Each structure stands twice: as C-alpha cells, then as structure tokens.
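As a basis for the values below, the full set of heavy atoms in this structure was taken, side chains included, without hydrogen atoms, waters or symmetry mates. Every chain is numbered from 1, with letters handed out A, B, ... down the list of sequences. Quick caveat: nothing in here was measured; it's all calculated off a predicted structure.
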There are 2 protein chains.
Amino acid sequence: MRTSEELLSNCGLRKTTFRKKLLKLFQDSETTLTVEDIKKKIGNNNDKVTIYRALSTFEKSGLIHQVPDKNKLSRYALCNSKCKPSNQAYQHAHFICDYCDNTFCIEELEFPKIKKIKGFEFKKLELIIQGSCPNC
Amino acid sequence: MRTSEELLSNCGLRKTTFRKKLLKLFQDSETTLTVEDIKKKIGNNNDKVTIYRALSTFEKSGLIHQVPDKNKLSRYALCNSKCKPSNQAYQHAHFICDYCDNTFCIEELEFPKIKKIKGFEFKKLELIIQGSCPNC
DNA sequence: CTAACTAACGCAACTGAGTTGCAAATATAA
DNA sequence: TTATATTTGCAACTCAGTTGCGTTAGTTAG
C-alpha cells in the first residue's frame, strides 16, 4: 500500500501535517468514518471546518468516497482500485449495522445484473444491506 | 384504492383535516415527496412541525416509508402491498435522478439474489440506482 | 346533543451538522 | 531565504429537524 505522503503527492495535494494524519487514519481504520469518529480519533485539537474541507478535497481527488450512513451523517471510506471511474461501472455495496450504526464496505460481492427500465438511464448502482454486523 | 379516510381509520389514527389532506397528497402524487415539496403543494398555512409529526406518525403506521434523497433530506413515498413486512424480505429499489434530484420508487424489478457473507446477517436490501430520469 | 377527555396542532425557541468569510499560519516554488 | 499560494482556525452563520407547551379540534361517554 502507498504511504499517505505518496498518495497526497500523486493527487497534487499539499502534504500538510493534518492531511497526512487524516489520510493515515483512514488507512489504519478497519471501518468507515464519520466526522465525529475522526474528531475522537484525531483529538479535538483540529477544527471541524478543517476536517470538512480536507474530506471534501480528498473526495474530489478520488482518495476517499462517501458511504451511506444510518443517521444521514457524512461518512467516508478509503477508495480502492474498484472505486476508480475507469473501472467502468460504479457499483458499490455497503452494509449498515442496525445496532452499532456503523457502515461497512462490502468488497466480496458479485454485483447483480439489473434489467434496464425504459426512460431511465442507469449510471451508478449501489446496494445497501442492513442487518447486524459480526461485532453485534 | 382506499380513500385517505379509510386508511387513517384502519390504522387507528384520528382523521384530522391536515392528515386527510397530507395522505391524499401522497395518493395523488406521481413522485416521492420531501417536506419542502409538501409545504409547496399544501400551501404554507401549516407549520413544519405538524408536517414532520404527521409524517412520523404515518411512517410508524406503515402508510408511508422513507426513501433515499440525493441531498439527505427526509423524503417519503406511499407504501404499497410490497412494502409490508409480511411480504417476507424487505427489498426496495429506488432511482435517484442526478438532474432533478427526485427519487422514484422502482416496482418493476426482479430483485437479485445476494450471497451471504459470514458474520453478517442480512435483514433488508435496498438497491439505489442513479442516473437520469425520463423527464430529464 | 353536550360535556369531558385525549390527541393533534401551532408557535417559539432550540439543536446540531455542515458552511462561509477572513485573518493568521504553513507549505511550496523561485 | 523570500515571495506566493494554499491551508488552517476562529467566529458567525444557515437550515433541516426537534422539543416544550398552551390552544384547538376530534372522539367517546353520558
């Protein structure tokens, strides 16, 4: 895996102390993260505005992507090779746990073929599964 | 189709002027509705608190269900026979238009079979499709 | 039909996630 | 090392959704 510094360089982003710390947090994290998660893990020294702006920058650069959240909060996960637009179809599967409210990216899932419906043009598919996760 | 008054009675809900109007709005509406949509269509005479509380009551009674919204707003649609929990698997498909931000319930879609993943228990499946709708 | 009771409504004030503007700090390029 | 551009952090704001409470209206019993 690339270091956080390499990733930032590749995207033409400045390697600030905060960005390196934030990106590393995503790399080290097992789960997806909300802004609240980030605040807790990174310490409350950094302003929430900085967090929001860094997340937005990372998303535009394709480093992270937004995932659904049970409580409609902003929640993000690190992108992997499958996330790239070049990988033809945007197809994601996410699992939301009813008990811990966490969202998990599901990688190991062969995505179903969906029949087209006339009038609608499909550009992105997302499967959201709800239930209980291994921890709950 | 049942009248709004019948539906309210069946659910043991009081038939107030506002609730009848709101439920009828859903019945007459082609699309799913946000609180903002409701305000516009029903006239601004009613307080938003009333709208939120009625929506919450309708949802608990199984008259309407929440659907995903592009901007993370509260958005609802009338339930049909397929929404009932009795109908074994909670499987919904929704289409979000990138241009008009509207959400459509997709009925005519045979839902794919999803392989289980160990550790996770699946209780509800939702397929969210994004793209452009017939109007856009 | 009326009275009594209970649930729903409407107003005001609040909450909290996310945003904007701007001055100070820091990274990068010259 | 200095100049320039970007990022950070603070304060103040926005806006969807919520809470408390007194008033109004629907329902039920007499």
Side-chain angles (χ1 to χ4, degrees), chain A residues 3-25 32-61 63-76 101-103, chain B residues 3-25 32-61 63-76 101-103:
Chain A
T3 67
S4 56
E5 301 212 8
E6 283 174 328
L7 284 174
L8 290 169
S9 288
N10 288 352
C11 295
L13 298 176
R14 289 195 174 189
K15 289 165 280 188
T16 68
T17 313
F18 177 73
R19 283 182 181 169
K20 284 185 275 185
K21 205 158 73 170
L22 179 61
L23 192 49
K24 198 156 183 327
L25 180 62
T32 59
L33 299 168
T34 62
V35 172
E36 207 49 45
D37 295 336
I38 293 168
K39 271 190 200 162
K40 271 183 202 141
K41 298 206 174 186
I42 229 164
N44 263 345
N45 311 319
N46 288 283
D47 196 76
K48 62 175 177 171
V49 179
T50 305
I51 300 175
Y52 280 110
R53 286 201 265 234
L55 289 170
S56 173
T57 303
F58 285 4
E59 192 185 12
K60 278 176 202 145
S61 300
L63 289 171
I64 60 175
H65 64 281
Q66 240 182 316
V67 299
D69 177 79
K70 198 185 172 194
N71 305 119
K72 292 183 182 171
L73 299 175
S74 291
R75 184 182 281 273
Y76 291 88
D101 291 8
N102 208 334
T103 303
Chain B
T3 67
S4 56
E5 300 212 9
E6 283 174 328
L7 283 174
L8 290 169
S9 289
N10 288 352
C11 294
L13 298 176
R14 289 197 177 188
K15 289 164 281 186
T16 69
T17 312
F18 177 73
R19 283 181 180 170
K20 284 184 274 184
K21 205 157 73 169
L22 179 61
L23 192 50
K24 197 154 186 327
L25 181 61
T32 60
L33 299 169
T34 62
V35 172
E36 206 51 44
D37 294 335
I38 293 168
K39 272 191 201 163
K40 270 182 204 144
K41 297 205 176 188
I42 229 164
N44 264 345
N45 312 319
N46 288 282
D47 196 76
K48 61 175 178 172
V49 179
T50 305
I51 300 175
Y52 280 110
R53 286 201 264 234
L55 288 172
S56 173
T57 303
F58 285 3
E59 191 185 13
K60 277 175 203 145
S61 300
L63 290 171
I64 60 175
H65 64 281
Q66 241 184 313
V67 298
D69 176 80
K70 199 186 171 193
N71 305 118
K72 292 183 180 170
L73 300 174
S74 292
R75 184 183 280 273
Y76 291 88
D101 291 9
N102 208 334
T103 302

Check: In whole Å, what is the span from the NZ atom of B/K21 to the C1' atom of C/dC9?
Finding: 13 Å
Check: Just how far, in rounded Å, is C1' of D/dG17 from CD of B/Q66?
Finding: 11 Å
Note to self: Mind checking if A/R53 touches a base, just sugar-phosphate, or nothing, with heavy atoms under 4.0 Å?
What the structure shows: base
Note to self: Closest-nucleotide mapping onto DNA chain D: is A/R19 or B/K72 further toward the 5' terminus? I mean the 5' end.
What the structure shows: A/R19
Notebook entry, point to check: Under 6.0 Å from the NZ atom of B/K41, do we count more than 12 heavy atoms belonging to anything else shown?
Noted result: no
Margin query: Counting only heavy atoms not in B/K60 (residues, nucleotides, ligands), do more than 12 fall under 6.0 Å from its NZ?
Written below: no
Item checked: Test item: B/S56 side-chain N/O and B/Y52 main-chain N/O as donor-acceptor pair under 3.5 Å -> no
Next item on the list: Rounded to the nearest angstrom, tell me the gap between atom CZ in B/F18 and atom P in C/dA7.
Entry: 19 Å
Next item on the list: Choose from C/dC9, D/dA16, D/dG9 the nucleotide whose nearest atom is closest to any side-chain atom of A/T50.
Entry: D/dG9
Notebook entry, point to check: Do the side chain of B/N10 and the main chain of B/L7 share a donor and acceptor less than 3.5 angstrom apart?
Noted result: no
Could you list the protein-to-nucleotides 28-30 of chain D atom pairs, N/O on both sides, closer than 3.5 Å?
none

Next item on the list: In whole angstrom, give the distance that lies between atom CG of A/L55 and atom C1' of D/dT7.
Entry: 14 Å
Margin query: Test your reading of the model: is there a side-chain donor-acceptor pair from B/N71 to the backbone of B/L73, 3.5 Å cut-off?
Written below: no
Check: Does a donor on one side chain sit under 3.5 Å from an acceptor on the other, for A/K70 and A/T103?
Finding: no
Note to self: Name the residue from A/R14, A/K20, A/K21, A/K15 that meets the salt bridge (Lys or Arg N to Asp or Glu O under 4.0 Å) definition with A/E5.
What the structure shows: A/K20
Note to self: If you assign each of A/K39 and A/V49 to its closest nucleotide in DNA chain C, which residue comes earlier from the 5' end?
What the structure shows: A/K39
Next item on the list: State whether the number of non-hydrogen atoms from other residues, nucleotides or ligands found under 6.0 Å of B/K24 atom NZ is greater than 12.
Entry: no
Checklist line | Integer-rounded Å distance: D/dC10 C1' and A/I51 CD1 | finding: 14 Å
Next item on the list: Take atom CD1 of B/I42 and atom C1' of C/dG10, then tell me their distance rounded to the nearest Å.
Entry: 15 Å
Check: Do B/T32 and B/R75 have side-chain atoms, one donor and one acceptor, less than 3.5 Å apart?
Finding: yes
Note to self: Without decimals, in angstroms, what is the distance between A/K20 NZ and D/dT6 P?
What the structure shows: 19 Å
Margin query: Expressed as a whole number of angstroms, how long is the span from A/D47:CG to C/dT19:P?
Written below: 13 Å
Next item on the list: May I ask you to say what B/S74 touches in the nucleic acid, namely base, sugar-phosphate or nothing, with a heavy-atom cut-off under 4.0 Å?
Entry: sugar-phosphate
Note to self: Any side-chain N or O of A/S56 below 4.0 angstrom from OP1/OP2 of C/dT19?
What the structure shows: no
Margin query: Heavy-atom nearest nucleotide on DNA chain D for B/Y52 versus B/T17: which residue maps closer to 5'?
Written below: B/Y52
Checklist line | Donor on one side chain, acceptor on other, B/T50 and B/D47, under 3.5 Å | finding: no
Note to self: Measuring to OP1 and OP2 of C/dG10, would you say a side-chain N or O of B/N46 lies under 4.0 angstrom away?
What the structure shows: yes
Might you list the N or O atoms of the protein lying below 3.5 Å from N or O atoms in nucleotides 28-30 of chain C, with each pair's distance?
{"residue": "C/dT28", "atom": "OP1", "partner": "A/K15", "partner atom": "N", "Å": "3.1"}

